[in-house]
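Here the structure comes first, spelled out in C-alpha cells, and everything after it is commentary.
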Amino acid sequence: MQYDVAAIIQGYAQGYFLMADQNNHLGWYSSRSRTLIPLDDRFRYPKSLRRVINQERFSTAINRDFKAVVDGCADRDSTWISQELKDIYYSLCESGWAYSFETWQGDELAGGILGIVINGAFIGESMFFRIPEGSKAAMVKLVERLRERQFVFFDAQMMNPHLQRFGAYSIDDKEYQFLLNKALQSNCSFL
C-alpha cells in the first residue's frame, strides 16, 4: 500500500503522532504534556551503565536492521504498533524520515530506538532490547549523537519510570510547540 509520506510528516511536524488502538484502528493523537530526554547536562544514567558502555560491549548502527527494530518495538503483550503502522514506518524509512538507532553485540541485535527525524527534532516512537542494557546503551549513544549534531530536542512522547532515570522531564504543549518550531527551522543531519 502507498502512503502519503508528506502528509504523515506534516502531522508529526504539527505535534501529532500515530498510534493504533486495541482494535488496530490507526489514529492521530496529541498530548497536553510531552516527555523530552534532555540533551544537556540534565541527562544522566547509572554508573553501572557507564561501566557497560566503557567496556564497549555494544557497537552502534543506524538502519542496519530497521525491520527487526520495528518488530522488536511491536513485540509486546499490548502494543500500539499495528501492522499498518509498521508499514508506515517502512515507508518513512525508505523516504529518509524514520530511523532505527541500534546496539549490536557482535552479529546480534541487542536493542534499539525507533524514531522519526524532522530537521532538529528526534521524535522517539519506541524502544526495545533483546540483550540486557541494549536499549539503555542505545539511549546514551543516541543522546551523544543528537548533541554532536545540535538537535533541538529528543521527544520521548510519554513519561515512564525507565525514562525518568535518564533525567526525562515533561513540558506542556505550548512549550513543545515552541521547541518544535525551533527544531523545524534547524538544519540538522542525523546521518
Side-chain angles (χ1 to χ4, degrees), residues 3-45 69-70 72-89 91-93 97-101 112-129 135-136 138-140 142-143 145-147 149-188 190:
Y3 293 100
D4 187 343
V5 169
I8 292 166
I9 293 303
Q10 185 62 37
Y12 277 93
Q14 292 173 359
Y16 297 98
F17 52 92
L18 286 168
M19 284 176 63
D21 62 20
Q22 56 268 42
N23 298 316
N24 286 328
H25 295 118
L26 198 59
W28 284 103
Y29 294 84
S30 66
S31 178
R32 289 192 199 100
S33 169
R34 288 298 260 269
T35 297
L36 300 185
I37 304 297
L39 298 179
D40 56 19
D41 57 7
R42 292 176 287 180
F43 182 74
R44 62 181 186 271
Y45 54 96
V69 171
V70 172
C73 289
D75 185 17
R76 300 196 169 126
D77 292 337
S78 173
T79 185
W80 51 268
I81 301 177
S82 64
Q83 185 58 53
E84 183 182 9
L85 188 49
K86 284 183 180 184
D87 293 340
I88 287 171
Y89 288 144
S91 292
L92 293 177
C93 180
W97 296 103
Y99 295 91
S100 58
F101 189 85
I113 299 172
L114 170 64
I116 293 170
V117 174
I118 306 173
N119 298 0
F122 185 93
I123 302 163
E125 293 286 282
S126 189
M127 61 193 296
F128 86 106
F129 71 93
S135 62
K136 293 176 189 170
M139 174 81 79
V140 172
L142 176 56
V143 165
R145 182 175 197 86
L146 297 176
R147 282 176 174 163
R149 292 165 180 274
Q150 299 181 324
F151 271 67
V152 174
F153 67 82
F154 178 169
D155 178 4
Q157 296 180 352
M158 296 179 202
M159 184 64 80
N160 65 44
H162 172 68
L163 296 177
Q164 280 181 314
R165 288 193 294 264
F166 288 94
Y169 61 99
S170 295
I171 60 173
D172 64 26
D173 187 55
K174 187 176 179 184
E175 192 175 354
Y176 181 79
Q177 291 296 333
F178 173 80
L179 288 174
L180 184 57
N181 242 359
K182 186 176 173 187
L184 294 175
Q185 294 171 29
S186 299
N187 191 16
C188 299
F190 187 63

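Every heavy atom of this structure was used, including side-chain atoms; hydrogens, water molecules and symmetry mates were not. Computed from a predicted structure; not experimentally measured.
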CD1 of Ile118 to OG of Ser186, rounded to nearest 0.5 Å, is 12.5 Å
Checking Leu179, Leu180, Leu39, Leu146 against Val152 for side chain to side chain contact (heavy atoms under 4.5 Å, CB included), the one that qualifies is Leu179
Using a 6.0 Å cut-off, check whether atom OH of Tyr3 has over 12 heavy atoms from anything other than its own residue.
yes
Gln14: partners by side chain to side chain contact (heavy atoms under 4.5 Å, CB included), with sequence neighbours left out
Gln10, Tyr16
Asp77 atom CG, over 12 foreign heavy atoms within 6.0 Å:
no
Among all residues two or more places apart in sequence or in another chain, which pass the side chain to side chain contact (heavy atoms under 4.5 Å, CB included) test with Ser82?
Ala20, Asn24, Leu26, Glu84, Leu85
Value rounded to 0.5 Å, distance of CD1 in Ile113 from CZ in Phe101:
7.5 Å
What are the two closest heavy atoms between Thr35 and Ala168, and how far apart are they?
CG2-CB, 3.8 Å
Nearest 0.5 Å, what's the CE-CG distance between Met159 and Leu36?
9.0 Å
Who are the side chain to side chain donor-acceptor pair (under 3.5 Å) partners of Ser100, not counting sequence neighbours?
Asn63, Glu102
Quick one: does Trp28's side chain get under 4.5 Å of Leu18's, heavy atoms only?
yes
Sequence-distant partners of Ala74, side chain to side chain contact (heavy atoms under 4.5 Å, CB included), two or more places apart:
Thr79, Ile81, Lys86
Just grab all the ring pair (Phe, Tyr, Trp, His ring centres under 6.0 Å) pairs involving residues 158-178, residues at least two apart or on different chains.
Phe43-Phe166, Phe153-Tyr176, His162-Phe166
Do any pairs count as a salt bridge (charged side-chain N to carboxylate O under 4.0 Å, His left out) and have a residue in residues 5-28, sequence neighbours left out, and if so which ones?
none
Measure the shortest side-chain to side-chain distance between Arg145 and Phe190 over non-hydrogen atoms and say whether it is less than 4.5 angstrom.
yes
Within residues 31-45 or reaching into it, pairs that qualify as salt bridge (charged side-chain N to carboxylate O under 4.0 Å, His left out) - sequence neighbours excluded:
Arg34-Asp155, Asp40-Arg42
Pairs flagged by salt bridge (charged side-chain N to carboxylate O under 4.0 Å, His left out) wherever residues 8-17 is involved - sequence neighbours left out:
none
Donor-acceptor pairs under 3.5 Å, side chain of residues 119-128 to any protein atom, not counting sequence neighbours: which ones?
unit_1 : atom_1 : unit_2 : atom_2 : d
Asn119 : ND2    : Leu184 : O      : 2.5
Glu125 : OE1    : Tyr12  : OH     : 2.9
Glu125 : OE1    : Tyr89  : OH     : 2.5
Glu125 : OE2    : Gln157 : NE2    : 2.8
Ser126 : OG     : Arg76  : NH1    : 3.3

Could you list all the salt bridge (charged side-chain N to carboxylate O under 4.0 Å, His left out) pairs where at least one residue sits in residues 171-180, not counting sequence neighbours?
none
Gln150 atom CD, over 12 foreign heavy atoms within 6.0 Å:
no
Under the side chain to side chain contact (heavy atoms under 4.5 Å, CB included) test, which residues partner Asp75, sequence neighbours left out?
none
Asn181 meets the side chain to side chain donor-acceptor pair (under 3.5 Å) criterion, sequence neighbours left out, with none
